[in-house]
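Heads up: the structure comes next, in structure tokens.
Keep in mind that the numbers below use all heavy atoms, side chains included, and drop hydrogens, waters and symmetry copies.
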Amino acid sequence: VVDKQNEVWRCVLDGHAAFVKIRELAGTMDIAYNAIGCLALKKDGTIVQWDGKHLTQLERSQQIPEKKKQPSVVVRPHEFNLLEFSYPEISWQYHKNGNTDEIIFEKGLYITSGMQGLKVSSDLEQWKTVVDEPVTGLAYNGETFVVFNTKGQVLASSDGKSWVEYDAPLMGEVQDVIWDGKRFAAVGSGVGGLFSGAMMQAADGKSWTEIPFEHSMRLEGIAYNGSVYVVTSWDGVFYSEDLVNWKSAEYNQYFATAGKVSWLKDRFIISSGGNTNMYYSYDGIRWKRIIQKWDNWMQNCAYNGNIFMSVGLDATIYVSKDGYYWDCRTEWGDTANSYYDVIWTGEKFVILGRDSILSFSPNDIIKLSVNGRFIPMDSAPIIENDRTLVPARAVFEALQAQVFWEDKTNTAVIRTDFSEIRLQADSSTAVVNGAAVPMDVSVCLVSDRIYLPVRFLAEQLGGNVQWAEAENTIYISILH
């Protein structure tokens, strides 16, 4: 804490709370602190680093440029974070025909689920109801769509238009479904109702088996980051490495009626559920709370490689550049509506409301389209030596390729139906089916993600590249 006399105080917890003055930081205007230490902005404009014992003044080249304008920050004396910033205006497009559960975009189709049934559209304007009963738990694995009705059945489809019913009587009501690369995993309530949590799995989306789960309350959401599963419920948050052995997350007392959970960028994010807070974790075990000033239930989150977006039941839209600084925009929404879900399609954000749908295509991020299909990326493309590089895993997995990581050699291994590609960090040579292939710029490793030149990507897919500057979009046309 920085007081009005520009003195810095630290809260020490030792059976009770006490504030201790940090005398070395006298004359401080603002501070930023993490587990390693803190940076302090002094009244004379210098920046110093303090690690608890030593005070070091940063060289000018290490300091923030004077002309760089930072978001305005509001910090409140609550635990963890409450940060806010202002995001530019967005021009939303409004579309009729909403729903009350989820929306996905796959195979060129928008599909919504909820109390109004299952609806499909290719353009967000013309909608067709293909299942005329309430459905929840919508997911897709690259081949099969699944959704659940209230009669103990799963509905499956290969095209999103024609659906077949299969018995799945192991759960009461399905709340959320994911595809983890090997199987669908569904969570919700047991046949006993709200006071029993249940979970089941299916490799094909049709034949489901129970996953034992001992905790009592209904499960709300499930997410997977490639190594850890996280489920949220009415009595806490739990994590597992195998979907079988579950443990309670740390600080579980905070998670009163925790809502949906997502893996976005490099972290799990839990929307508020019933207590108007958000939570984040990098490992699914240790969580921190972002205390919001808005008395609203946030429903879900999405990320486009540049900004996070979340929505609320009161038609509020939240935007963040980093997942910590949030801008609450009530004026963007339709106040007579309620928002239930938000997705990033690779081209645009799409928000599902009860009565209508909103969409917005930003121009502050490079987008990638392959044969007319926009590829959602979990991190934004980067420019290196006037060459555009894209995140390898997000792109190739979206095209149904397998991506593996060899930690010892810092190498990404990509396997398609016709080739194996090896990409080593900081190397300008790829190995394709055992043969060395030069690239015009080196592969980059940024925030644990391998980036590769988009021209090399196009060549490996057997296509050509076009750049549409007005749309800020790379178009790849595959020739075979």
Side-chain angles (χ1 to χ4, degrees), residues 106-108 141-143 179-182 225-227 263 265-266 303-306 344-347 365-480:
E106 299 288 351
K107 299 186 71 171
N141 71 348
E143 296 181 357
W179 171 257
D180 68 3
K182 295 181 179 179
N225 69 351
S227 58
W263 174 256
K265 190 182 179 182
D266 57 357
Y303 180 65
N304 74 343
N306 187 39
W344 169 250
T345 68
E347 177 192 15
I365 184 173
I366 298 173
K367 298 181 281 287
L368 175 65
S369 172
V370 179
N371 275 9
R373 176 192 174 192
F374 282 89
I375 306 297
M377 292 178 281
D378 59 355
S379 53
I382 60 176
I383 306 296
E384 185 78 16
N385 295 330
D386 295 326
R387 298 290 188 271
T388 302
L389 291 84
V390 294
R393 179 179 291 275
V395 173
F396 277 104
E397 284 186 346
L399 298 173
Q400 307 305 313
Q402 293 180 305
V403 182
F404 307 91
W405 176 252
E406 292 182 354
D407 198 42
K408 290 184 178 180
T409 60
N410 273 359
T411 300
V413 181
I414 301 162
R415 296 192 179 106
T416 69
D417 291 337
F418 50 86
S419 65
E420 179 184 274
I421 305 168
R422 300 180 66 85
L423 300 166
Q424 187 173 31
D426 301 322
S427 173
S428 60
T429 302
V431 178
V432 181
N433 294 331
V437 177
M439 296 180 288
D440 55 2
V441 65
S442 295
V443 170
C444 293
L445 181 63
V446 180
S447 299
D448 296 327
R449 287 171 174 78
I450 281 284
Y451 285 76
L452 76 162
V454 70
R455 187 166 299 280
F456 172 81
L457 167 65
E459 291 171 351
Q460 296 310 306
L461 295 175
N464 55 37
V465 181
Q466 287 186 331
W467 166 249
E469 185 172 0
E471 304 168 30
N472 217 20
T473 300
I474 302 165
Y475 289 95
I476 296 179
S477 299
I478 301 176
L479 305 179
H480 60 76

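What you find for Ile365 and Pro381 is that their closest heavy atoms are CG1-CD, 4.4 Å.
Contact check for Leu423 versus Ile414: side-chain heavy atoms found under the 4.5 Å cut-off. Put simply, the side chain of Met377 reaches to within 4.5 Å of the side chain of Leu368, judged on heavy atoms. With contacts defined as side-chain heavy-atom distances shorter than 4.5 Å, the pair Ile450/Val443 qualifies. Within the 4.5 Å cutoff, no side-chain heavy atoms of Ile476 are placed close to those of Asn464. Side-chain contact check for Val432 versus Phe456: some heavy-atom pair is nearer than 4.5 Å.
Residues satisfying the side-chain hydrogen bond (donor to acceptor under 3.5 Å, both in side chains) criterion with Ser379, sequence neighbours excluded, are Tyr451. In this structure Asp426 satisfies the side-chain hydrogen bond (donor to acceptor under 3.5 Å, both in side chains) test with no other residue, sequence neighbours excluded. Not a single salt bridge (charged side-chain N to carboxylate O under 4.0 Å, His left out) links Glu384 to another residue, sequence neighbours left out. A search for side-chain hydrogen bond (donor to acceptor under 3.5 Å, both in side chains) contacts involving Thr411 returns Thr409, not counting sequence neighbours. Residues passing the side-chain hydrogen bond (donor to acceptor under 3.5 Å, both in side chains) test with Ser427, sequence neighbours excluded: none. Residues passing the salt bridge (charged side-chain N to carboxylate O under 4.0 Å, His left out) test with Glu420 are Arg415, sequence neighbours excluded. Looking at residues two or more places apart in sequence or on another chain, you find a side-chain contact (heavy atoms from CB on, under 4.5 Å) between Lys265 and Arg267, Tyr303, Phe308, Arg449. For Arg373, there are no salt bridge (charged side-chain N to carboxylate O under 4.0 Å, His left out) partners two or more places apart in sequence or in a different chain. Applying the side-chain contact (heavy atoms from CB on, under 4.5 Å) rule to Asp180 yields the partners Lys182, Arg183, Tyr224, Tyr229, Leu243; only residues at least two apart in sequence or on another chain are considered.
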Open item on the list: Set out, in order, the CA-CA distance, both residues' side-chain angles and the distance that settles side chain to side chain contact (heavy atoms under 4.5 Å, CB included) for Met439 and Arg455, then state yes or no.
Closed with: CA-CA 9 Å; Met439 296 180 288; Arg455 187 166 299 280; over 6 Å; no
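Within the structure, side-chain hydrogen bond (donor to acceptor under 3.5 Å, both in side chains) pairs that include any residue of residues 428-442 comprise Arg387-Asp440 (at least two apart or interchain). Annotation: salt bridge (Lys or Arg N to Asp or Glu O under 4.0 Å) contacts involving residues 457-476, sequence neighbours excluded, are absent.
Atom CD in Gln402 sits 10.5 Å away from atom CZ in Arg393 (nearest 0.5 Å). Ile375 CD1 to Ile474 CD1: the interatomic distance, rounded to the nearest 0.5 Å, is 11.5 Å. Residue Phe374 holds its CZ atom at 4.5 Å from OG of Ser369, rounded to the nearest 0.5 Å.
With Trp467 as reference, Ile366 is the one residue of Val454, Ile366, Thr388, Thr473 to meet the side chain to side chain contact (heavy atoms under 4.5 Å, CB included) rule.
Not one N or O on the side chain of Asn304 forms a donor-acceptor pair closer than 3.5 Å with the backbone of Trp344.
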